[in-house]
**Student:** 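Structure below; questions to follow.
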2 protein chains.
Amino acid sequence: MAGRNKEKEQDKVRDLRAGLALLWGEQEQPTRGPKPKLTPLRIAEAAAALADAEGLDAVSMSRVAAGFGVSAMALYRYVPGKTELVELMVESVLAEGPDLAGVPAGDWRAAVTEWTRQCARVYAAHPWLLTATAMRRQLLGPCQLRWLDAALAALEPTGLGGAQRHRVFLLLIGLVRNHAQQRNEREEEQEREWDRLTGELLARHAARFPALTRAIAEGAFDPDGTDPLRFGLDRILDGVEALVAAGA
Amino acid sequence: MAGRNKEKEQDKVRDLRAGLALLWGEQEQPTRGPKPKLTPLRIAEAAAALADAEGLDAVSMSRVAAGFGVSAMALYRYVPGKTELVELMVESVLAEGPDLAGVPAGDWRAAVTEWTRQCARVYAAHPWLLTATAMRRQLLGPCQLRWLDAALAALEPTGLGGAQRHRVFLLLIGLVRNHAQQRNEREEEQEREWDRLTGELLARHAARFPALTRAIAEGAFDPDGTDPLRFGLDRILDGVEALVAAGA
DNA sequence: CGCAACTGCTGATGACATAAACAGTTTAGG
DNA sequence: CCTAAACTGTTTATGTCATCAGCAGTTGCG
């Protein structure tokens, strides 16, 4: 048992190293043997497309391999395992990096807003991205770093220190991911039935949740036109502005 | 195929109904037959304990059942499926509801801060909670609603409208979950190796990520004593304060 | 040329969720 | 009181999945 654990840890380190090499394309390609039919990138893109179409659960080694007309095990020649495949999927989808060229220089609010919008757009286009990046310690690929870099750059005109810029960045992806989660939830088909049942339940137990009942009475859950991402972003930016004004 | 789909949708509606009934304990219990050895609640608690100890992946029907000395299939007499079990686990962990009794009435900043802290504490105590509640449309159980109710109540002194109180609430759980994710990442064992490899990689590609490099030079990633949850919360609360001041 | 480094493939393994069918246990209702 | 219905937990089976081992064919370096 103890030995098993040790072995596992060493494996993990190797996996880490291998995974990073894969993400950064830093592996010498072989010269011998037959020409490979695939590449890690093409596999990842196919897997991402599959996830776009049928959800992350539909992405199994067999399904992805079948898309190329090869057996499941063939993929293992390109990718160490499913974990790494998912990491590559994330990278492939983040490849279209943030483009903040159109933003007036020095206007950090505009820059951050644009960054956030673009990031949210990616999450919206690929609902599985949220789950794929949840929980697991992310290995940072070049594309992820480009996004991070762009956000930090956008924040530079604030004059905030490095640590604070980083913290604001964390706040921002948090916002985006949170927004994505809410979007994903809304997208599910059973929505109407869900609303009905929940509403019913709420009416039945109104007494137990007075504040909630009041909020509902004020229309808290009625869909209004306003963009929830906008709301959160404005709150956060106002908060940052206050921090900047305080002269940190 | 079409028929299959239709069937599945109907099943989903039934599942929804059954799941809610389970969460709210609204099911007539039977009189015939042998006395049940278990209850959904006890199962959920055992499963949650298992997840606490070994992670969410360790929670399989067999493992949970083994903890009671019964066969895996026995659990299906109490819980429709694994999905519902996870929902019950979430509820069971959220049972120790928020307690805002010690907060001076009318001080919404203090109340919201306390709510956020307590919520974060639950997420910290049960790292799997984040994954368990990610993605999937949550069926709202009574405990989840209690948390929601408490947050909305804490926000009432702001004078904000129902819809805005709700939006602020969304911002707050977003913050908590975001914080939890970062905590979870930090908790992994391979941390040191991860830092080393990532740092190496970053040094090698510094030119590609100028803003990131600058931020790092300013110590953006050095651990300082400050609480990241606190930082985000203060930013958000400042933003809300600005909104309140604007007299919405 | 010949072997080493590759390729992709088949088959096996073990974990998992869950369906189906069965055997024992209560208790409501005649 | 007795029986059948409503339950209980169990064993067995199915299908899916990731992944390991071993094989047969392919290619280019020495």
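Quick note on labels: first sequence line is chain A, next is B, and so on, each numbered from 1. All figures in this text were calculated on a predicted structure; none of them were measured in a lab.
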**Student:** Using the side chain to side chain contact (heavy atoms under 4.5 Å, CB included) criterion, which residues pair with Ala47(A)? Sequence neighbours excluded.
**Tutor:** Val59(A), Val64(A), Leu85(A), Met89(A)
**Student:** How would you list, by chain and number, every residue that makes a side chain to side chain donor-acceptor pair (under 3.5 Å) with Arg146(B), sequence neighbours excluded?
**Tutor:** none
**Student:** Keeping to residues at least two apart or across chains, list the salt bridge (Lys or Arg N to Asp or Glu O under 4.0 Å) pairs with something in residues 80-89 of chain A.
**Tutor:** none
**Student:** Can you give me the first and the last nucleotide of DNA chain C (5' to 3') that has an atom within less than 4.0 angstrom of a non-hydrogen atom in chain A?
**Tutor:** dA4(C) to dG11(C)
**Student:** Regarding Ala74(B), tell me which of base, sugar-phosphate or nothing describes its non-hydrogen contacts under 4.0 Å with the strands shown.
**Tutor:** base
**Student:** With sequence neighbours excluded, what pairs up with Glu96(A) under the side chain to side chain contact (heavy atoms under 4.5 Å, CB included) test?
**Tutor:** none
**Student:** When every nucleotide of nucleotides 21-30 of chain D is labelled 5' to 3' by its protein contacts under 4.0 Å (heavy atoms), B for base, S for sugar-phosphate only, - for none, what sequence of letters results?
**Tutor:** -B--BBBBS-
**Student:** Enumerate the residue pairs fulfilling salt bridge (Lys or Arg N to Asp or Glu O under 4.0 Å) with a member in residues 28-43 of chain A, sequence neighbours excluded, ordered by first and then second residue.
**Tutor:** none
**Student:** For DNA chain D, what residues of residues 57-67 of chain B have any heavy atom nearer than 4.0 Å?
**Tutor:**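 The stretch gives none, as no residue of it lies under 4.0 Å from the strand.
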**Student:** Counting only non-hydrogen atoms, which of residues 81-90 of chain A are less than 4.0 Å from DNA chain C?
**Tutor:**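 Nothing qualifies; none.
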**Student:** Output all residues satisfying side chain to side chain contact (heavy atoms under 4.5 Å, CB included) with Arg204(A), sequence neighbours left out; order by chain, then residue number.
**Tutor:**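 Testing Arg204(A) for side chain to side chain contact (heavy atoms under 4.5 Å, CB included), a comparison that skips the adjacent residues, returns Glu200(A), Leu201(A), Glu26(B).
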**Student:** Report which part of the nucleic acid Tyr78(B) touches: base, sugar-phosphate, or nothing (heavy-atom distance under 4.0 Å, all strands).
**Tutor:** sugar-phosphate
**Student:** Determine which pairs satisfy side-chain hydrogen bond (donor to acceptor under 3.5 Å, both in side chains) with at least one residue from residues 68-79 of chain A, sequence neighbours left out, and list them in order.
**Tutor:**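 Listed by first then second residue: nothing to list.
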**Student:** What pairs with Ala58(B) under side chain to side chain contact (heavy atoms under 4.5 Å, CB included), at least two apart in sequence or on another chain?
**Tutor:** Glu54(B), Arg63(B)
